[in-house]
Amino acid sequence: MITTTGLRKVYHSRGRETAALDGVDLHVREGEVYGVVGRSGAGKSTLIRCVNMLERPTSGTVEVAGTDLTALAGRSRRANAALRAARSQIGMVFQHFNLLSARTVQDNVELPLEILGVSGQERSRKALELLDLVGLTDKAKAYPAQLSGGQKQRVGIARALAGDPKVLLSDEATSALDPETTRSILQLLRDLNQQLGLTVLLITHEMDVVKAVCDSAALMKGGRVVESGTVTELLATPGSELAQELFPVGGEPSEEGRTVVDLTFHGEAATQPVISQLSRTYNIDISILGAAMETIGGRQIGRMRIELPGRFEENVVPIGFLREKGLQVDVAPVGAAAGRKADSTLVKEAAK
Amino acid sequence: MTWDELQPMLLPACWDTLYMVLWSAAIAVVVGLPLGVLLVLTDSGGLLRNTAVNKVVGAIVNVGRSLPFIILMVALIPFTRYVIGTSIGAEAAIVPLAVGAIPFFARLVETAIREVDHGLVEAVQSMGGSTWTVVRKVLLPESLPSLVSGLTTTAVALVGYTAMAGAVGAGGLGDLAIRYGYQRFETNVMLITLVILVVLVTVIQLLGDFTARALARRGKRASGA
């Protein structure tokens, strides 16, 4: 639905060049919620603005719903009619809502319809329908200043949907909201995604957002996408930074010379008593250093950090057993370089 | 001079002053508003970035603002004759008054529009709005309270200018104050015209403030409105 290829955006200031985007390839499938995470300055915001050409990429292409927007925009800095028409098919919600303070809630939702040239009666019918969808029917005549942050964002979402877009871009839509409101807004996005088949590309710096709604995610650093994939794929990737961030398990080994292993359960493995089987089969004592169980994108996923007696070399067989049971096993990078070395051996083994 | 002698002169003078202020303010809005918008749009970082246009318009506005009104008025006499047919009287005074008020108001418009949150512009662009849509639906409505304040300031300044215009035969309260109050030492005429001018300025200011506040409040009424 959204594909960016080799996207670069270079800013010039005082003779210096800064690449906010340094070759970004992103692929968002139709009907999924895709989260781009990263620290501020990683280029997320530039990326999402490039998707609807609010920022013109220096090079590379952006394709949304089969239309090459970069070709449409051409060389000119101003948006031509074709690009404007394409933009009206891409909804966008903003961190600071960006509602017009001089217009009522209903008039704010009607604004994109005015731009599309929809007649007055049809506009108000559509606006009220959208306000109903986001649960704000009673606020139609209120002004934005009279609403809470969460309500403002609901208006922002209703407005973004007015042109019946296939794609919704969300620029840190929940970053100015408290945790509870964040949850309700994310739930709304999830519902809209499912009810309307809306494809959502969201950027955020909060891992919880990805955890709550995203089917897929990408991690950006210094203008590049360093990891991407479906959340399940990411969790199944050994050493995935996103998986670790999404699902942190902590815990230091109790003493030197022990092997610390991170286990990730998903699917069927999550329901099996694997640890007690391991303990019985090899007659070893296992201590659990940390564990968490969560639902990500509607699937139960568990993560656990366990400690096995003895060094890695002595635990090859138990680790093999765990892997056979369908768990993902990473040797935790605690303590020494030895751990890391072992980790890379494991990766090689996994490759076989 | 007695009240009976003064009264027949006072009313037409008031009317002349109002006539000049209203017309020149109206022309200042018609010309100054687009100029102010143009200054913002063509600025670097604006929607119609155009350094050449921005520099030229900016320079014209600056020159217009730095000329003392009394000089401007005299310098414009040939132009006024060309437009109105004469350089004397209230109608003729409207020309220099408007020319003086246009750059003044244009700068105030520029400041007001710069205050509008860029996020709103971006939001309308993301809906597929053109630059014209942005101006019409965002920049002007969102800055309306400040624009009204700017217009008030301009109108008050114009009241002052009309007094100067009176000196070159434009009529109005300023003319009365200078000819009778100053040149003939009629202190009571001077006092009465001053009081009327003060009242006039106060009324304009109050009206402007009230309107600006009402417009700003539109979006900020307490809940339940």
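Not measured: the values here are computed from a predicted model. We use all heavy atoms of the structure for the numbers below, so side chains are in, but hydrogens, waters and symmetry mates are not.
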Participant: Taking all atoms of both residues into account, what is the closest heavy-atom pair of A:A102 and B:E142, and its distance?
Facilitator: N-OE2, 3.1 Å
Participant: Given a strict heavy-atom distance threshold of 4.5 Å, which part of B:L48 is in contact with chain A: side chain, backbone, both, or neither?
Facilitator: side chain
Participant: Answer yes or no: are there more than 12 heavy-atom neighbours, outside A:E129 itself, under 6.0 Å from its atom CD?
Facilitator: yes
Participant: Tell me the closest heavy-atom pair linking B:E122 and A:R49, and the distance in Å.
Facilitator: OE1-NH2, 2.8 Å
Participant: For B:S126 and A:M92, work out which heavy atoms get closest and say how close.
Facilitator: OG-CB, 3.9 Å
Participant: Which atom pair, heavy atoms only, marks the closest approach of A:R159 to B:A123?
Facilitator: NH2-CB, 3.6 Å
Participant: Could you please spell out the steps behind the side-chain contact (heavy atoms from CB on, under 4.5 Å) verdict for B:K137 and A:R103?
Facilitator: CA-CA 10 Å; B:K137 308 265 180 189; A:R103 284 173 168 243; 3.4 Å; yes
Participant: Based on non-hydrogen pairs under 4.5 Å, which of B:H118, B:Q125, B:R49 is most in contact with chain A?
Facilitator: B:R49
Participant: With a 6.0 Å cut-off (strictly less than), is the heavy-atom count around CD of B:E91, excluding the residue itself, greater than 12?
Facilitator: no
Participant: Let me know if B:V124 has heavy atoms under 4.5 Å from chain A in its side chain, its backbone, both or neither.
Facilitator: both
Participant: Check A:I115 against B:T133 and note the closest heavy-atom contact, atom names and distance.
Facilitator: CG1-CG2, 3.7 Å
Participant: Please find the pair of heavy atoms, one from A:S88 and one from B:M127, that lie closest to each other, and give the distance.
Facilitator: CB-O, 3.4 Å
Participant: Taking atom OH of B:Y82 as the centre, report whether more than 12 heavy atoms of other residues, nucleotides or ligands fall under 6.0 Å from it.
Facilitator: no
